[in-house]
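All ligand and atom numbering here is 1-based and tracks the order in the structure.
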Amino acid sequence: MAVPITVVGSIAFDAVKTPFGERERMLGGAAVHFALAASFFEEVLVVGPVGEDFGEAELDVLRHRGVDVSDVERIVGGRTFFWRGEYGWDLNSRETLDTQLGVFEGFQPKLSERSRASDVLFLANIQPGLQQQVRRQVPDARFVALDSMNLWIDIAREELVGAIEGVDCLILNDAELRQLTGRPNLVSAAREILSWRGSPAVEDDGSSGGSANGNAALRGGPRVIVAKQGEYGAALVTAESFFALPAYPMEDVIDPTGAGDTFAGGFVGYIAAHPHDELSDDLLRRAMAHGTALASFNVEEFGTERVERLTGDEIAARVQALEEITRFSGASVVQLRR
Ligand code: AMP
């Protein structure tokens with residue numbers, strides 16, 4: 001049977017230092033953070049390679065949340081993707097000190113039948129060429145979202161634009177949206193990307209199995225743009241609407257690594273859990289709230305530590321708290337002066 005959500009992206013070991021502590025080698029990677037968060041909504045299958053240094057203990061973290069790891073390929077003699085980053089007092093900006101692609105170099109994804117038939121596909125942060133290869137293998141997905149980062153805008157922009165043209169939803173940091181489009185502000189950057197819709201997109205290399213329906217699905221471009229704004233929250237832009245939510249106010253943020261992917265897991269997971277609903281503004285706003293709630297837990301501890309022991313009840317309570325703090329009445333209580 002098809003799995004509802006498939007994700008491809010980095011599966012990693014991270015070395016992270018923040019003003020509140022450090023970890024020299026912890027489980028990380030965009031696909032891992034995404035999968036743990038999305039697993040609260042639907043079953044998730046992770047596609048990607050790991051090296052011989054990746055143990056059963058790391059896979060068990062995913063298995064414990066019911067994540068299907070059968071498309072995780074262990075490469076003999078290979079080394080798992082490694083990332084080292086450091087945060088200063090401003091946890092919104094971080095410095096990448098080292099990125100080692102390891103087994104992702106030269107990786108050729110071959111998706112199982114189960115993942116090819118997924119309803120929802122998330123192309124988490126990794127080389128855009130790989131994102132495109134996976135996209136072509138899931139041609140009939142109802143909803144496809146993509147995340148990326150400044151590195152790929154710097155070194156593989158053309159491939160990244162091609163990948164973005166094959167998805168329904170782009171989830172990117174606001175600074176990266178500006179970098180990608182050369183537009184000075186978030187709304188105009190999002191509008192620019194929305195205007196790509198309808199332009200010729202990803203060429204089909206035949207690996208999708210040649211389904212005419214599938215080829216059509218690969219043409220177009222995003223109709224939903226989500227701008228991640230770190231501790232300030234996230235904004236959503238479509239052709240018809242704009243919506244924004246602050247991050248849930250936290251007194252103690254310990255490590256923001258993976259917050260973006262955890263947000264994406266909540267956002268995309270919520271959409272996956274509503275397969276018969278159209279992609280209405282209302283649905284997208286509720287998805288934003290769930291992404292925001294999930295991300296707020298992620299930053300409470302290092303890496304995946306907090307989300308590993310999170311419960312559905314805790315998420316529901318935080319969504320409700322978020323609704324409380326963002327609600328206000330539009331009725332003016334005073335007569336405004338002209
Ligand atoms: P986030 O904090 O949500 O932006 O994502 C952090 C995760 O992204 C870490 O767990 C890293 O392993 C992963 N990561 C960092 N750099 C890259 C990269 N160039 N490609 C893919 N994943 C990366």
Side-chain angles (χ1 to χ4, degrees), residues 7-18 22-38 46-51 53-54 58 61-62 79-87 91-105 107 122-131 134 145-157 159-160 163 171-177 226-231 234 247 253-268 291-292 294-308:
V7 55
V8 64
S10 53
I11 305 168
F13 282 121
D14 290 344
V16 173
K17 190 170 177 186
T18 83
E22 56 189 299
R23 296 285 185 275
E24 196 39 46
R25 190 178 163 85
M26 64 183 182
L27 174 63
V32 169
H33 286 288
F34 172 90
L36 290 176
V46 177
V47 175
V50 295
D53 50 347
F54 203 81
E58 282 81 27
V61 170
L62 292 165
R79 285 191 69 78
T80 300
F81 181 101
F82 177 77
W83 177 75
R84 181 183 291 279
E86 191 170 331
Y87 299 79
L91 291 171
N92 258 356
S93 66
R94 71 174 170 216
E95 200 183 344
T96 290
L97 301 173
D98 194 7
T99 301
Q100 294 172 21
L101 288 181
V103 288
F104 273 99
E105 234 153 344
F107 174 64
F122 186 60
L123 306 170
N125 184 20
I126 199 63
Q127 295 104 306
L130 263 177
Q131 293 178 314
V134 171
L146 177 147
D147 184 17
S148 189
M149 70 183 296
N150 54 357
L151 173 71
W152 307 118
I153 303 174
D154 289 338
I155 69 171
R157 189 181 183 283
E159 259 183 327
L160 176 59
I171 303 176
L172 216 54
N173 288 339
D174 61 355
E176 291 159 354
L177 275 174
V226 176
K228 296 177 287 180
Q229 300 167 304
E231 67 175 301
V253 174
I254 300 298
D255 171 27
T257 307
D261 308 303
T262 306
F263 170 91
F267 179 83
V268 173
T292 300
L294 258 306
S296 73
F297 287 108
N298 175 81
V299 304
E300 286 180 359
E301 293 177 26
F302 272 91
T304 60
E305 289 167 13
R306 179 65 179 99
V307 176
E308 279 179 38

Residue among Leu27, Thr262, Asn125 satisfying side chain to side chain contact (heavy atoms under 4.5 Å, CB included) with His33: Thr262
Atom 21 (C) of ligand 1 has as its nearest protein heavy atom Asn125 O, 3.1 Å
Does the ring of Phe13 carry Arg25 above it, NZ/CZ under 6.0 angstrom from centre and within 45° of its axis? yes
Which word best sums up how the rings of Phe267 and Phe263 line up, parallel for under 30°, tilted for 30 to 60°, or perpendicular for over 60°? parallel
Note: ligand 1 atoms sitting under 4.0 Å from heavy atoms of Gly29 are 9 (C), 10 (O), 12 (O)
Do Leu146 and Gln131 have side chains that approach each other closer than 4.5 Å (heavy atoms only, starting at C-beta)? yes
Just wondering, do Val32 and Glu58 contact through their side chains at under 4.5 Å, heavy atoms? no
side-chain hydrogen bond (donor to acceptor under 3.5 Å, both in side chains) filter on Thr257, not counting sequence neighbours, yields Tyr87, Asp255
N/O separation below 3.5 Å, Gly260 to ligand 1: yes
Of Asp261, Asn298, Thr262, Asn150, which has the heavy atom at the shortest distance from atom 7 (C) of ligand 1? Asp261
Which of the numbered atoms in ligand 1 are under 4.0 angstrom from any heavy atom belonging to Gly28? 10 (O)
Within the structure, is a non-hydrogen atom of Phe263 found at a distance of less than 4.0 Å from ligand 1? no
Ligand 1 atoms nearer than 4.0 angstrom to some heavy atom of Arg94 are 1 (P), 2 (O), 4 (O)
For the pair Trp83 and Thr96, evaluate side chain to side chain donor-acceptor pair (under 3.5 Å) and give the outcome as yes or no after the intermediate values. CA-CA 8 Å; Trp83 177 75; Thr96 290; 3.1 Å; yes
Where is the nearest protein heavy atom to atom 11 (C) of ligand 1: which residue, which atom, and how far? Asp14 OD1, 3.4 Å
Hey, are Glu300 and Asn298 close enough side-chain-wise for a donor-acceptor pair under 3.5 Å? no
Atom indices of ligand 1 within 4.0 angstrom of Leu151 heavy atoms, with elements: 19 (N)
Salt bridge between Glu176 and Lys228, side-chain N to carboxylate O under 4.0 Å? no
With nothing but distance in play, are any N or O atoms of Thr99 less than 3.5 Å from an N or O of ligand 1? no
Just to check, does Phe81 reach to within less than 4.0 Å of ligand 1 when the distance is taken from its heavy atoms? yes
Which option, Lys228, Arg84, Met149, owns the non-hydrogen atom nearest atom 19 (N) of ligand 1? Met149
Please identify which atoms of ligand 1 are closer than 4.0 Å to at least one heavy atom of Ala12. 12 (O)
among protein heavy atoms, the one nearest atom 2 (O) of ligand 1 is Gly258 N, 2.7 Å
Would the number of heavy atoms belonging to other residues, nucleotides or ligands and lying under 6.0 Å from CZ of Arg23 be above 12? yes
Atom 13 (C) of ligand 1 has as its nearest protein heavy atom Ser10 OG, 3.8 Å
Heavy-atom nearest neighbour in the protein, as seen from atom 16 (N) of ligand 1, with distance rounded to 0.1 Å: Trp83 CD1, 3.5 Å
Atom indices of ligand 1, in the order listed, that fall short of 4.0 Å to a heavy atom of Thr257: 2 (O), 6 (C), 9 (C), 10 (O)
Charged N to carboxylate O under 4.0 angstrom, Arg84 versus Glu24? yes
Backbone or side chain, does any N or O of Ile126 fall under 3.5 Å from an N or O of ligand 1? no
